[in-house]
Protein chains: 2
Amino acid sequence: MRDRRISESTIHRLSHYYRALTALEREHFDTVSSRELANREELTPAQVRKDLSFFGSFGTRGLGYPVKELKEKIARILGIDRVWNVALIGVGNIGSALVSYKEFARQGFNIKLLFDSDQRKIGSNHKGITVLGMDDLERQLNENKIELVILAVPASSAQVIVDHVVNCGIKAILNFAPIKLAVPDDVFLRTENMAMELEYLSFSLVNNLPRRSDRKKT
Amino acid sequence: MRDRRISESTIHRLSHYYRALTALEREHFDTVSSRELANREELTPAQVRKDLSFFGSFGTRGLGYPVKELKEKIARILGIDRVWNVALIGVGNIGSALVSYKEFARQGFNIKLLFDSDQRKIGSNHKGITVLGMDDLERQLNENKIELVILAVPASSAQVIVDHVVNCGIKAILNFAPIKLAVPDDVFLRTENMAMELEYLSFSLVNNLPRRSDRKKT
DNA sequence: CTTTTTTTGTGAAAGGTTTCACAACTGGCA
DNA sequence: TGCCAGTTGTGAAACCTTTCACAAAAAAAG
Ligand SMILES: NC(=O)c1ccc[n+]([C@@H]2O[C@H](COP(=O)([O-])OP(=O)(O)OC[C@H]3O[C@@H](n4cnc5c(N)ncnc54)[C@H](O)[C@@H]3O)[C@@H](O)[C@H]2O)c1
Ligand SMILES: NC(=O)c1ccc[n+]([C@@H]2O[C@H](COP(=O)([O-])OP(=O)(O)OC[C@H]3O[C@@H](n4cnc5c(N)ncnc54)[C@H](O)[C@@H]3O)[C@@H](O)[C@H]2O)c1
């Protein structure tokens with residue numbers, strides 16, 4: 001954690017390394033070389049070493065990286081060595097799918113509260129969590145120490161709700177509505193856009209690109 | 001469509017332009033400047049002009065770009081000026097959410113077939129589409145001229161199914177399982193990884209990055 | 001204990017993307 | 001008709017990311 005401005009690509013690759021290390025741990029590897037780690041996620045050894053070098057020296061020359069330790073270090077860097085309290089707003093098609101997504105819980109993202117504006121949904125139960133109404137938003141977010149909000153509402157309501165959420169002091173939002181949302185500079189916002197991925201595939205098909213590419217700009 | 005190798009970032013930005021142009025059309029604008037287009041999607045005017053210049057000269061100096069025409073041109077480039085027949089495999093939490101996703105249909109991605117291996121799901125109906133069993137896969141994909149497959153099955157079965165799908169001649173796959181899948185070089189594969197986006201937010205929070213960034217590498 | 005093998009960590013080079021800056025062109029107006 | 005304001009299209013520059021290549025270090029072999 002020196003002076004640097006770490007690139008988004010590097011951070012995304014850390015997520016890949018974390019996933020590969022989880023598998024390696026399960027397979028009882030004690031150490032792993034940059035080459036093996038790279039192979040598992042379709043990257044290059046040099047990239048692995050360069051990425052890790054931004055954060056310190058974790059390996060042993062001639063031997064490689066200690067699997068368990070490196071995994072913990074990366075978890076630390078990514079901030080997933082702890083539990084994050086998450087609220088999800090909009091318990092519709094995609095919202096209710098996300099509530100059941102085990103990967104989130106496994107990485108420490110604990111969906112603790114659900115909100116919806118639909119009277120028929122308020123009070124209903126999803127995976128043991130009761131859906132709350134929007135009027136209670138601010139108090140509930142505070143009382144439950146929510147730090148992260150997932151937005152799964154229609155595009156037409158998204159900006160209004162983001163404003164509200166930001167007003168409650170939330171600094172990180174994952175948005176699923178396919179729309180550009182405005183937030184203050186100190187709020188982190190990421191937007192998942194699945195249609196965009198399909199469009200990329202469609203472009204690839206009609207242009208018959210010479211080489212496929214998985215993952216989105218690492 | 002000259003000689004070039006268009007970057008992934010440029011393609012993703014074309015999707016953004018398309019979205020902005022759709023809105024501009026609805027608002028009855030006839031022309032739009034690179035500045036206005038850039039503002040709407042939080043990009044720079046120079047980038048808009050550079051991106052478009054890879055594909056031709058669509059604007060008029062002193063005036064800007066014709067909204068309707070540019071939108072059509074971009075649809076053409078992205079390959080969304082036609083209907084793509086899509087099959088979805090794995091009608092679980094996320095799979096059934098995706099069936100209801102209107103944005104896909106709106107952009108010409110027509111989810112025509114649903115598959116699942118679960119006996120209880122086979123024969124059931126989602127948005128008017130009957131879920132089929134996996135043994136019928138090859139014949140159905142061929143008969144229905146499916147060109148694109150969405151995979152929403154557990155990570156543990158994903159590779160086996162991809163192999164099967166590739167064997168049926170499918171050249172484009174959108175995968176939701178958080179796992180690295182192997183496909184031949186002539187098959188386009190994209191993997192949506194939502195946990196990765198949350199991890200990026202978590203990293204941002206603990207490292208208090210100086211500036212937020214929406215969208216994934218443009 | 002010495003040599004060989006392996007593999008990291010990292011400057012430097014190469015490659016790629018974004019931004020700059022301005023000539024060239026268009027439309028409108030006098 | 002000539003001039004002005006506006007805006008594109010695009011080389012060149014600046015910036016950023018990836019790959020290369022190798023010295024340094026450690027482990028393994030002899
Ligand atoms: N369905 C998908 O697979 C999918 C995929 C990607 C993105 N998205 C996007 O996710 C969003 C939700 O999609 P969906 O298919 O789940 O729609 P949906 O209509 O099923 O769900 C939206 C939910 O938000 C609630 N809601 C509406 N206005 C609200 C408000 N002001 N405050 C609180 N809750 C409110 C509704 O009651 C509903 O439960 C949309 O923006 C959509 O474009 C959906
Ligand atoms: N739930 C989410 O919000 C979410 C989000 C992102 C990614 N994902 C990923 O998407 C995938 C599906 O997640 P889910 O929550 O919908 O799980 P799920 O268990 O609800 O659905 C999986 C479906 O796949 C079917 N299936 C299993 N094996 C199959 C096979 N061999 N052939 C055909 N169908 C088969 C199952 O019958 C089930 O209907 C997982 O890989 C998950 O990690 C889920």
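Throughout, a chain's letter reflects where its sequence line sits, starting with A, and its residues are numbered from 1.
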B/Arg13 CZ - C/dG16 P separation (whole Å): 16 Å
Side-chain N or O of B/Ser34 closer than 4.0 Å to phosphate OP1/OP2 of D/dT7: no
B/Ala46 vs A/Asp51, nearer the 5' end of DNA chain D by closest nucleotide: B/Ala46
Atom pair distance, as rounded to whole Å: CG in A/Leu43 and P in D/dT17: 16 Å
Nearest-angstrom distance from the residue atom CG of A/Leu70 to P of C/dG9: 10 Å
Phosphate OP1/OP2 of D/dG6: any B/Tyr65 side-chain N/O under 4.0 Å: no
Nearest-angstrom distance from the residue atom CZ of A/Arg49 to P of D/dA23: 15 Å
Interatomic distance, B/Arg5 CZ vs D/dT18 P [rounded to whole Å]: 18 Å
A/Gln47 vs D/dT19: side-chain N/O to OP1/OP2 distance below 4.0 Å: yes
Partner of B/Leu148 under side-chain contact (heavy atoms from CB on, under 4.5 Å), chosen from B/Val86, B/Ile170, B/Leu88, B/Ile111: B/Val86
Ring-face cation contact, B/Phe29 with B/Arg40, 6.0 Å cut, 45° max: yes
Donor-acceptor pair under 3.5 Å, B/Arg61 side chain vs D/dT7 base: no
Atom-to-atom span, CZ of A/Arg35 to C1' of C/dT5 - whole angstrom: 12 Å
Side-chain H-bond candidate by donor/acceptor type, A/Gln159 with A/Asp163, under 3.5 Å: yes
Whole-Å gap separating P (D/dC16) and CD1 (A/Ile6): 13 Å
Rounded distance in Å - CD (A/Glu8) to P (D/dT18): 11 Å
side-chain N/O A/Thr44 vs D/dT19 OP1/OP2, d < 4.0 Å: yes
Aromatic plane relationship, A/Phe203 with B/Phe55 - under 30° parallel, 30 to 60° tilted, over 60° perpendicular: perpendicular
Residue whose closest nucleotide on DNA chain C lies nearer the 5' end, A/Leu63 versus A/Lys50: A/Leu63
Closest to the A/Ser53 side chain, choosing from C/dC20, C/dT17, C/dG9: C/dG9
Check: A/Ile146 main-chain N/O paired with A/Asn144 side-chain donor or acceptor under 3.5 Å: no
